[in-house]
Peer 1: 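The structure under discussion is supplied below as C-alpha cells; questions concerning it will follow.
Counting convention: from 1, in listed order, for ligands and their atoms alike.
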Amino acid sequence: MSSYDNLLVRSQGRAGLIQLNRPQALNALNSALMDELVQALQAFDADDGIGCIVITGNEKAFAAGADIRQMVDASVVEMMASPFISYWDAVQKVTKPIVAAVSGWCLGGGCELAMICDIIVAAENAVFGQPEINLGIIPGAGGTQRLTRAVGKSVAMDMILTGRRITAQEALQFGLVSRILPDAAFLDRALELANEIAGKAPVALRVAKEAVNHALEMSLAEGVLLERRLFNLLFATEDQKEGMAAFVEKRPATWKGR
Ligand code: HXC
C-alpha cells in the first residue's frame, strides 16, 4: 500500500479504505491532506481489485472542516487563485461508489466532502454542521447546494444561517445519511456495506452512480431519458447476460466487469 502523511490507506476485500489522519487538528482539511485524498481516490478508482471506496476519519472526527489556520489571512485574490476548493470537485469525478463513514465531528468542508460521496453512513456519535456563518463566511465547497438538495430548504437554512449542529439521528430523519451504524462495530459495518456494493456488477455500479447523480442536475424528463439510454446500454455488457442467465439458472452470478 502507498504511504501518505495525512492518510491511512488499505484495502479489505474489494473495498478500498481511506482514513483521514490529522487527529491533532480533528482532521481539518488542508491542501496537503486534500491533495493526498485525491491521489488515493484516483488510485483506487483505477484499481480493478477495488469495487467501492470508503472515506472515514477517526472516532472523534470525520473532519472538523477546512483548515481555518490555512485560510485566516487569505485575501480574496489568493482565494480566487487557489486550487484548494477544486479538490472537492476532483472527489466528485471518481467513478466508483464512495461511502462516507462518519463518526464524530463532520463540519463545514468535512460535511461538504461527505455530501460529495455517494452514501453517508453515520456512527451514533456523528455530528453534522455547516458552521461557517460563525467565521463570517458561508460554505464554499457546495454546502449551500448539496445540503439543500439533501434535507430541503428549511432545515438547510436553519443549519447554514445559525450554524446549528445536528445529531446522527436527526441526520437520518432529515435524509442526510442512509444508515446509523453502532459505534462499537462502526468501521467493520461500513466496510461490510462497501464490500456488499463492491460485489455487484462493476459497470452497472458506475452507470447507476452516474444516473443517480444526474438526478440532482437535470429536469425529470432529461433524467429519465438519460436513465433509459444508460439502461439500454447495459444490454451491451457480458455482465447483463451473466446476471440474467444466473437468475434463470438459479445460481450466483460471476461478474466480469465488461
Ligand atoms: C483548523 C482546527 C479546526 C479547523 C479544529 N481544529 N477544527 N484547526 N481548522 N477547522 C483544531 C483546533 O484548533 C485544536 O488545535 C484542535 O483541532 C482540537 O480542537 P478543539 O477546538 O480544541 O476541540 P473541541 O473543544 O473538542 O471542539 C471541537 C470543535 C471545534 C467544535 C469541532 O474545534 C471547532 O469549532 N472547530 C471549527 C469548526 C469549523 O468552524 N469548521 C468550518 C471551517 S471553515 P490546537 O492546536 O489548539 O489543539 C470551512 C469552509 C469550507 O470548512 C470551505 C470550502 C473548502
Peer 1: Once you round to the nearest 0.5 Å, how far does CG of Asn6 lie from CE of Met34?
Peer 2: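 Here the rounded value is 11.5 Å.
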Peer 1: Is ligand 1 under 4.0 Å from a heavy atom in the side chain of Glu132, in the backbone, in both, or in neither?
Peer 2: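 For Glu132, only side-chain atoms sit under 4.0 Å from ligand 1.
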Peer 1: Is it true that Arg251 and Glu242 have a side-chain N and a carboxylate O under 4.0 angstrom from each other?
Peer 2: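 Glu242 and Arg251: salt-bridged.
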Peer 1: Taking only heavy atoms of Ala25, which atoms of ligand 1 are found under 4.0 Å from at least one of them?
Peer 2: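 Once the distances to Ala25 are compared, the set is 2 (C), 5 (C), 6 (N), 11 (C), 17 (O).
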Peer 1: Please state which part of Ala28 comes within less than 4.0 Å of ligand 1, counting heavy atoms only: side chain, backbone, both or neither.
Peer 2: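 Under 4.0 Å from ligand 1, Ala28 contributes side-chain atoms alone.
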Peer 1: How does Gln130 reach ligand 1, by side chain, by backbone, by both or by neither, if only non-hydrogen atoms under 4.0 Å count?
Peer 2: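 Under 4.0 Å from ligand 1, Gln130 contributes no heavy atoms.
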Peer 1: I'd like the name of whichever of Phe84, Trp88, Trp105, Tyr87 reaches closest to atom 29 (C) of ligand 1 through any heavy atom.
Peer 2: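 Result: the heavy atom closest to atom 29 (C) of ligand 1 is in Trp105.
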Peer 1: What atoms of ligand 1 come closer than 4.0 angstrom to any heavy atom of Gly109?
Peer 2: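 It comes down to these atoms of ligand 1: 49 (C), 51 (C), 52 (O).
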Peer 1: With a cutoff of 4.0 Å, is Arg165 in contact with ligand 1, counting heavy atoms of the residue only?
Peer 2: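 Flag set, Arg165 near ligand 1.
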Peer 1: Which of the numbered atoms in ligand 1 are below 4.0 angstrom from a heavy atom of Gln24?
Peer 2: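 With Gln24 as reference, the close atoms of ligand 1 come out as 16 (C), 17 (O).
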Peer 1: Atom 41 (N) of ligand 1: which of Ala141, Gly108, Ala64, Gly104 has the nearest heavy atom?
Peer 2: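 Answer by nearest heavy atom: Ala64.
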Peer 1: Looking only at distances, can you tell me whether any N or O atom of Met71, backbone or side chain, sits closer than 3.5 Å to an N or O atom of ligand 1?
Peer 2: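 Between Met71 and ligand 1, no N or O pair is found under 3.5 Å apart.
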Peer 1: Show the atoms of ligand 1 that are less than 4.0 angstrom away from any heavy atom in Pro131.
Peer 2: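 In order of numbering, the contacting atoms are 39 (C), 40 (O), 41 (N), 42 (C).
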Peer 1: Consider every N or O of Leu135 and every N or O of ligand 1, then say whether any pair is closer than 3.5 Å.
Peer 2: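 No; the residue has no nitrogen or oxygen that sits under 3.5 Å from a nitrogen or oxygen of the ligand.
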Peer 1: For atom 34 (C) of ligand 1, which protein heavy atom lies nearest, and how many Å away is it?
Peer 2: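 For atom 34 (C) of ligand 1, the nearest protein heavy atom is Leu107 CD1, 4.8 Å.
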Peer 1: Can we say Arg164 and Glu170 salt-bridge, meaning some charged N sits less than 4.0 Å from an Asp/Glu carboxylate O?
Peer 2: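 Counted as a salt bridge, because a side-chain N and a carboxylate O are separated by less than 4.0 Å.
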Peer 1: Classify the side-chain pair Asp35/Gln39 by whether it contains a donor and acceptor separated by less than 3.5 Å.
Peer 2: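 Side chains of Asp35 and Gln39: pair found under 3.5 Å.
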